[in-house]
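Position 1 is the first residue of the sequence, and the numbers go up from there.
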Amino acid sequence: MFNSVLIANRGEIALRIQRTCRRLGLRTIVVHSEADREALYVRHADQALCIGPAAAAQSYLNQKAILFAAEVSGAEAVHPGYGFLSENASFAEQVEAAGLKFIGPAAASMRVMGDKIAAKRAMRAAGVPCVPGPDAALTEDIDVVRMAAHEIGYPVILKAAGGGGGRGMRMVESEDGLRDALLLTREEARRAFGNSEIYVEKFLGRPRHVEIQVIADAHGNAVWLGSRDCSLQRRHQKVIEEAPAPLIRDALVREIGERCAEACRQIGYRGVGTFEFLVEDDAFYFIEMNTRLQVEHPITEMTTGIDLVEAQIRVAQGERLPFRQGDIACHGHAFECRINAEDPDSFVPSPGVINIWQMPGGPGVRIDSHASAGYRVSSYYDSLLGKLIVHGATREEALARLRVALDEARIQGIATNLPLHRRLVDDPDFISGGVSIHHLETNFRRSGQP
């Protein structure tokens with residue numbers, strides 16, 4: 001058991017974690033950069049420590065500074081949030097070695113699932129369907145690579161074994177482009193992830209991006225908490241998410257969910273996690289597992305009634321899951337819009353001071369944000385300002401609430417992607433449900449936008 005938590009993150013997720021900790025009576029310690037010293041969660045913290053200048057490499061990615069802050073503050077546990085060090089197995093080990101509890105999975109699980117090749121191998125062993133392709137890294141022998149690609153069938157996609165966030169990926173339409181694509185992808189993987197290993201898979205033409213949320217305790221119990229559709233993306237960055245994923249048979253989702261829970265039991269996973277799939281022609285294909293809390297976790301909370309941050313904390317404290325699979329039910333439908341400080345057409349970041357911040361309210365409307373009028377958006381960090389989440393008894397009701405909420409939302413002083421969200425919720429294909437991951441970018445090309 002622990003009574004204090006150091007929150008090793010910033011922005012909306014730091015405030016989100018802090019709120020649950022305070023409700024549970026846990027003392028909160030916040031670490032922050034010089035740029036974030038006036039943040040709302042810093043003011044609400046029981047103790048706040050500045051760990052460096054604005055640059056993330058000198059603050060939120062500075063493991064020594066964070067561990068020293070934990071030591072001097074008397075923190076008993078560390079919550080990494082998402083991004084930054086949340087999936088860094090070495091950091092998790094250092095936290096545990098310091099006698100603290102890491103609120104997340106064990107480092108060994110993070111290493112297995114963080115390596116896309118090892119994760120694919122583990123999922124196949126657990127009976128989870130994967131995208132066609134070998135579960136081994138490609139060799140330097142171009143003839144061997146050609147043979148592998150030929151067996152899969154073009155087009156194929158090359159991916160970095162240690163990749164994520166849409167980086168280290170390249171589609172190859174024919175053998176003519178294979179050699180150059182290999183060289184480019186290996187170098188991109190080496191530069192971005194410090195690991196030049198890549199693998200090859202079948203490129204799916206019009207897939208959807210569907211996720212399964214899971215949680216497991218340290219006593220061998222694991223459950224899945226429903227599905228999410230995250231297909232509205234630009235350059236592999238999610239824009240709008242919804243739960244549950246529409247137009248997929250309940251029996252199929254249930255089958256995949258049960259396999260994901262079983263995979264957690266087989267690998268000894270502990271904590272929350274998300275299995276990500278591409279879905280095409282009524283078939284699921286595993287692509288990766290995120291061993292952390294997801295940005296889009298609120299829509300699962302809205303449809304299940306489960307506070308995932310609280311569940312993370314209780315699992316880290318050694319408690320058994322308080323529910324069984326039969327207790328989990330999906331109630332209604334939820335959407336989440338990521339509100340970013342960026343131009344809605346060019347997507348260029350828009351740092352500056354927010355002059356007006358007016359957010360919507362009403363039944364079924366939730367705002368997760370650290371921003372407010374007078375808040376200065378820094379150029380040093382991700383452009384995410386917050387998340388607008390709505391819930392309704394049906395998808396249609398939730399979508400109607402989302403339209404009203406977006407119409408009420410008003411942010412001035414900086415550019416945001418609110419106009420993009422307003423266009424998307426009126427898009428006939430999105431209204432019908434089940435769009436592919438290429439839908440957003442295809443529409444941009446058709447209208448002459450970048």
Side-chain angles (χ1 to χ4, degrees), residues 87 89 92 103-136 199 201 207-230 243-245 248-280 282-294 296-297 299-301 303-306 308 311-312 314-316 318-330:
E87 294 182 283
I103 302 177
S109 295
M110 293 170 69
R111 285 199 170 94
V112 169
M113 301 313 295
D115 183 302
K116 303 299 185 289
I117 298 170
K120 193 173 180 179
R121 195 177 298 128
M123 291 306 98
R124 278 193 169 137
V128 177
C130 298
V131 179
D135 51 6
Y199 62 105
E201 290 180 336
R208 295 167 61 185
H209 182 133
V210 177
E211 303 175 340
I212 300 291
Q213 176 73 60
V214 295
I215 184 166
D217 63 25
H219 306 281
N221 303 303
V223 299
W224 63 281
L225 303 176
S227 65
R228 296 189 290 256
D229 191 315
C230 309
I248 301 178
R249 291 182 293 110
D250 290 345
L252 179 58
V253 174
R254 189 181 311 113
E255 177 188 347
I256 298 299
E258 289 170 355
R259 290 188 186 185
C260 292
E262 178 58 29
C264 289
R265 289 187 281 268
Q266 287 192 21
I267 66 175
Y269 192 80
R270 178 196 72 212
V272 302
T274 296
F275 288 80
E276 299 199 348
F277 294 87
L278 294 179
V279 178
E280 189 172 75
D282 218 23
F284 276 71
Y285 300 103
F286 171 79
I287 48 174
E288 66 179 359
M289 182 183 187
N290 290 310
T291 56
R292 54 168 169 79
L293 194 67
Q294 291 278 85
E296 60 269 23
H297 75 274
I299 54 176
T300 296
E301 293 181 327
T303 53
T304 63
I306 295 170
L308 288 176
Q312 280 187 297
R314 293 195 181 281
V315 165
E319 295 185 20
R320 293 178 179 272
L321 293 180
F323 37 73
R324 298 179 181 273
Q325 191 64 62
D327 301 324
I328 308 300
C330 178

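In summary, the side chains of E276 and H209 do present a donor paired with an acceptor at a separation below 3.5 Å, with no hydrogens or angles considered. Side-chain atoms of T274 and R228 include a donor-acceptor pair closer than 3.5 Å. Under the 3.5 Å distance criterion, with hydrogens and angles disregarded, no donor-acceptor pair is assigned to the side chains of T300 and Q213.
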CA sep, side-chain torsions, deciding dist, call: W224, Q325, side-chain contact (heavy atoms from CB on, under 4.5 Å): CA-CA 7 Å; W224 63 281; Q325 191 64 62; 3.1 Å; yes
L308 vs L293, test: side-chain contact (heavy atoms from CB on, under 4.5 Å). Steps then yes/no. CA-CA 8 Å; L308 288 176; L293 194 67; 4.0 Å; yes
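Comment: E258 does not engage R254 in a salt bridge, judged by the lack of any side-chain N to carboxylate O separation of less than 4.0 angstrom. We find that E288 and K120 are not joined by a salt bridge, their nearest charged nitrogen and carboxylate oxygen being 4.0 Å or further apart. Salt-bridge formation is not detected for the pair E262/R259: no Lys NZ or Arg NE/NH1/NH2 atom is positioned less than 4.0 Å from an Asp or Glu carboxylate oxygen.
A distance of 5.5 Å separates CG of D217 from NE2 of H219, quoted to the nearest 0.5 Å. One finds the CG atom of L252 at 10.0 Å from the OG atom of S227 (value rounded to the nearest 0.5 Å). The CD1 atom of I256 sits 14.5 Å away from atom CD of E211, with the distance rounded to the nearest 0.5 Å.
Counting non-hydrogen atoms of other residues, nucleotides and ligands closer than 6.0 Å to CG of D250 gives a total of 12 or fewer.
Partners of P132 according to the side chain to side chain contact (heavy atoms under 4.5 Å, CB included) rule, which considers only residues two or more places apart in sequence or in another chain, are K202, Y285.
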